Amino acid sequence: MGITGAALVALGIICLCNPLSTVISLAWIIGLLTLVSGISTLLNWIRLKSYFPQSGSILLSSILQIIIGILFLRHDLALAAIMPIIFALFLIIEGANLAIRSFDYRKVGFKLWWANLILGIASTILGFLSFSVPGVGGKTLSLCVGIGLILIGTVYFTAIFAINRFERKLNDNPWIDEQ
């Protein structure tokens, strides 16, 4: 866990320092994952098509995933250029959705509904900012990935300390009968 945590923190720092490389790497990783997903969906379709005779949409989906995966792998630089646009669209749509849902949370008595509203508005503004200022989207995407990796790595380190403390408490407990 310690090595994984350290690797994740280091990778997060690298992502923060190299936004362009991060976006290109994300395009490649998304392509690889989409290709693997498409192949596994195709294999499942081949295995299960006799049980689901109306499964043509699964076949179509798997073929599209394979094509998209190959496109991402072959044209990672071009797709890295549009990934910030995709990210900006995601921020706008999800931010607006979060802001709208916050009013539903208020109706059901959720006390922190206003935090969802603020985060939704902030996400929407960040999405529009990503469209209007070139380079902001890629840097924002890289920043989110980098901070996320650092946080996950930190959680690994915290887990190590928690596990060690728990083991010490177990060893110090006189009520545990060792056999």
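Worth knowing before you read on, the calculation uses all heavy atoms, side chains too, and leaves out hydrogens, waters and symmetry mates. In this text the structure is predicted, and so the values were computed from the model without any measurement.
Across all non-hydrogen atoms, the minimal contact from Ser62 to Gly38 is CB-O, 3.4 Å. Between Ile14 and Thr22, the shortest heavy-atom contact is O-OG1, 4.5 Å. Residue Gly120 comes nearest to Leu98 through the heavy atom pair N-CD2, 3.8 Å, listed as atom of the first residue, atom of the second, then distance. The nearest pair of heavy atoms linking Ala88 to Gly127 is CB-O, 3.5 Å. Pro19 approaches Ser142 most closely through the heavy-atom pair CA-OG, 3.2 Å. Considering every non-hydrogen atom in both Tyr156 and Gly5, the closest pair reads CB-CA, 3.8 Å.
Note: Leu91 CG to Thr124 OG1 = 8.0 Å, rounded to the nearest 0.5 Å. Taking CG of Leu48 as the start and OG1 of Thr41 as the end, the distance is 11.0 Å to the nearest 0.5 Å. Annotation: the span from Asn97 atom CG to Ile92 atom CD1 amounts to 13.5 Å, rounded to 0.5 Å. A distance of 6.5 Å separates CG in Asn116 from OG in Ser102, rounded to the nearest 0.5 Å. Atom-to-atom distance recorded for Ile63:CD1 and Leu59:CG is 4.0 Å, nearest 0.5 angstrom. Rounding to the nearest 0.5 Å gives a distance of 11.5 Å between CG of Leu60 and CG of Leu42.
Using the six-membered ring where Trp is involved, Trp113 and Phe103 have ring planes that are tilted, between 30° and 60° apart.
At a threshold of 4.5 Å between side-chain heavy atoms, the hydrophobic network of Ile, Leu, Val, Met, Phe, Trp and Tyr places Ile93 and Leu129 in two separate groups. With hydrophobic clusters built from ILVMFWY side chains whose heavy atoms lie under 4.5 angstrom apart, Leu119 does not share a cluster with Ile125. Both Leu32 and Ile39 are members of a single hydrophobic cluster when ILVMFWY side chains are connected at heavy-atom separations under 4.5 Å. Both Ile70 and Leu43 belong to a common hydrophobic cluster when Ile, Leu, Val, Met, Phe, Trp and Tyr are linked at side-chain heavy-atom distances under 4.5 angstrom. Hydrophobic clustering keeps Ile30 apart from Val36 (ILVMFWY residues linked when any side-chain heavy atoms are closer than 4.5 Å, directly or through intermediates).
Gln65 and Thr34 share no donor-acceptor pair across their side chains, judged by distance under 3.5 Å alone.
In the displayed structure, Phe110 atom CZ is contacted under 6.0 Å by more than 12 heavy atoms of other residues, nucleotides or ligands.
Screening Leu73, Leu71, Ile67 against Leu35 for a side-chain contact (heavy atoms from CB on, under 4.5 Å) leaves a single residue, Leu73.
Taking 4.5 Å as the limit, every side-chain heavy atom of Leu149 sits out of range of all side-chain heavy atoms of Val9. For the pair Ile150/Leu16, a side-chain contact is recorded, criterion being any heavy-atom separation below 4.5 Å from C-beta on.
Under the 3.5 Å distance criterion, the side-chain polar atoms of Ser123 are left unmatched by any main-chain donor or acceptor of Gly95.
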